[in-house]
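As the structure is a computational prediction, the values presented were derived from the model and not from experiment.
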Amino acid sequence: MADIKREIERKYESDDSGLPDLTGVAGVAAVLDKGVAHLDATYYDTADERLAASSITLRRRTGGSDAGWHLKLPVAPDVRDEIRAPLSEGVPRALARLVRSRVRDSDLSPLVRLRSDRDVRHLVDADGRLLAEVSVDAVHAERLTGGAAQWTEIEVELADGVDPVFLDKVDKRLRKAGVRPSASASKLARALADTAPKKRRKPKAPPAPVTAGDHVLAYLRAQRDALVDLDPAVRRDLPDSVHRMRVATRRLRSAFRSYGRVLDRAVTDPVAAELKWLAAELGAGRDEEVLTERVTAALDELPRALVSGPVRTRLRTWSHARRGGSRRRLTAVLDGRRYLELLGALDALIDAPPLRKAAAGKPGKVIGAAVGKDFARVSALVEQALALPPGQERDVALHEARKQAKRTRYAAEAASPALGEPADALVRSMKTLQGLLGDHQDSVMTREALRDLARQAHAEGESAFTYGVLYGREERRAAEDEAALPGMWEVIRGGAAPAAG
């Protein structure tokens, strides 16, 4: 079973390779010498270094107190999640799955070996509590295909539960002593740079957007990258990860639909269909999560006298049964061939885009026209829904308007670099509209869930009273949303959609 540790650290280098006196750092009562550890780590990657390109490291290390396999995933500057697994000959399956969206069908092979002599110090406060571990690492790097390098670096790792501000205090003391931040984000990054073949060149960054096609492709590339980046988080069931990955699929599909004059839909439609499939698989667990949170919040607001029977227990049982199945299914989807083929199709589409004639046009004109067309669609759908009497037909119409509001919002997001504030204003208004219509749709779905829960409770001889109370409150909430829509829409309609320039 893999262990997870949040690692917050900073790396430094010094001309004299020494460690300055750190007893002067605020809060440090003593610097304890913990001796020297001899570490031997082999780093794994694909032949074209896909993990390194994403600032991910996978290593098998012996020596020290944490020998084993370590997978480090970036979280934020200076912050990584280190996922550990016991020593084994091959890459542990649990770790390999977390990098599958990047590795695809390529093999993970030994790339670099790092041997380090680590001189460790502990910074402790007056109570003997560990604040940070500081080490001076004498590193010898060997690229297994040829090439070697060596250097010395200082590493400061924050102890668990300590305020990250403490690192700033250590940083100030180190800089004052002439120590400077490392130019490399990790030992592996430096090893790869220092042992790279002389003729090797870094891939060029995409040029700044100029044409309409450039802008659309930049947006697609960002969403593709988001989808790939979120894969490990979804597998780890991190908060909001499924929702964010689902949004990335929606943004891609919306861009294909909205910018059909830029990209040939004969090519993008099959990819969009696969994205829709993935979004549906992601949505099963997410929809369940939203419903459970909504019913739980409503229960919390009810007076105790209105809660009859084991309502919370039944809700937990209902949620866990459905969510458990969706989690297992989603993991199987991410491990499946169809998902890998979708990622490959996205790469191919972005690398060799099916550009149409309008792609070479001025961004303001082409993109502005596309966003204006989307706004006209959402306008027609809202007007159609408002003309219907309350009931199921209107609920369906409002749901369709909500979906189009999302598409329009995403189209405006893609247009923002080209159109500026008009597009940003449309993003804000569509987000507001989407919020109200989304709350209405959540109420529709929650009422369906409450009916299901009431049926189950009744079948088990439990009171269904509380579910009826919650159902009535959801009906009232939906009615309030519908009553607020005309006024909101008047305000939104009063603003103009971004005009083509």
Give a yes or no on whether a salt bridge exists between [X] and [Y], defined as a side-chain N under 4.0 angstrom from a carboxylate O.
X: Arg115; Y: Asp137; value: no
X: Arg244; Y: Asp229; value: no
X: Asp374; Y: Arg257; value: no
X: Glu133; Y: Arg121; value: no

Might you confirm whether atom [atom1] of [X] has over 12 heavy atoms from other residues, nucleotides or ligands at distances under 6.0 Å?
X: Arg93; atom1: CZ; result: no
X: Lys5; atom1: NZ; result: yes
X: Arg100; atom1: CZ; result: yes

With sequence neighbours left out, write down each residue that passes salt bridge (Lys or Arg N to Asp or Glu O under 4.0 Å) with [X], or none if nothing qualifies.
X: Glu480; result: none
X: Arg80; result: Glu7, Glu9
X: Glu274; result: Arg338

[X] side chain to [Y] main-chain N or O, any donor-acceptor pair under 3.5 Å?
X: Ser319; Y: Arg316; value: no
X: Arg6; Y: Asp160; value: no
X: Ser182; Y: Ser184; value: yes
X: Asp45; Y: Leu51; value: yes
X: Arg235; Y: Leu334; value: yes
X: Asp21; Y: Thr23; value: yes
X: Tyr259; Y: Gly213; value: no
X: Arg129; Y: Ala126; value: no
X: Ser258; Y: Ser254; value: yes
X: Asp214; Y: Thr211; value: yes

Pairing residues for [X] by the side-chain hydrogen bond (donor to acceptor under 3.5 Å, both in side chains) criterion, not counting sequence neighbours:
X: Arg337; result: Asp105
X: Arg246; result: Asp287
X: Thr249; result: none
X: Asp481; result: none

Step-by-step side chain to side chain contact (heavy atoms under 4.5 Å, CB included) determination, Glu155 to Tyr12: CA-CA 6 Å; Glu155 185 177 288; Tyr12 300 87; over 6 Å; no
With sequence neighbours excluded, what pairs up with Asp107 under the side-chain contact (heavy atoms from CB on, under 4.5 Å) test?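 Ser109.
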Taken in chain and number order and not counting sequence neighbours, the residues that satisfy side-chain contact (heavy atoms from CB on, under 4.5 Å) with Pro310 are Thr313, Glu462
Side chain to side chain donor-acceptor pair (under 3.5 Å) contacts in which one or both residues fall within residues 414-426, not counting sequence neighbours: Ser416-Asp424, Glu421-Arg428
Inter- and intrachain pairs under ring pair (Phe, Tyr, Trp, His ring centres under 6.0 Å), touching residues 50-91, at least two apart: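 Output for this query lists Tyr44-Trp69.
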Ring pair (Phe, Tyr, Trp, His ring centres under 6.0 Å) partners of residues 128-174, not counting sequence neighbours, each pair once: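 Sorted pair list comes back empty.
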Taking the side chain as every heavy atom from C-beta outward, state whether [X] and [Y] have any pair of such atoms under 4.5 Å apart.
X: Arg143; Y: Arg113; answer: no
X: Val25; Y: Leu123; answer: no
X: Glu82; Y: Leu73; answer: no
X: Leu227; Y: Leu252; answer: yes
X: Thr152; Y: Glu13; answer: no
X: Val28; Y: Val170; answer: no

Carefully, step by step, assess Val134 and Leu19 under the rule side chain to side chain contact (heavy atoms under 4.5 Å, CB included). CA-CA 9 Å; Val134 182; Leu19 183 65; 3.6 Å; yes
Does any donor atom in the side chain of Ser106 or Thr46 lie under 3.5 Å from an acceptor atom in the other side chain? no
Quick one: do Asp3 and Ile83 satisfy side chain to side chain contact (heavy atoms under 4.5 Å, CB included)? Show the steps, please. CA-CA 6 Å; Asp3 295 323; Ile83 305 169; over 6 Å; no
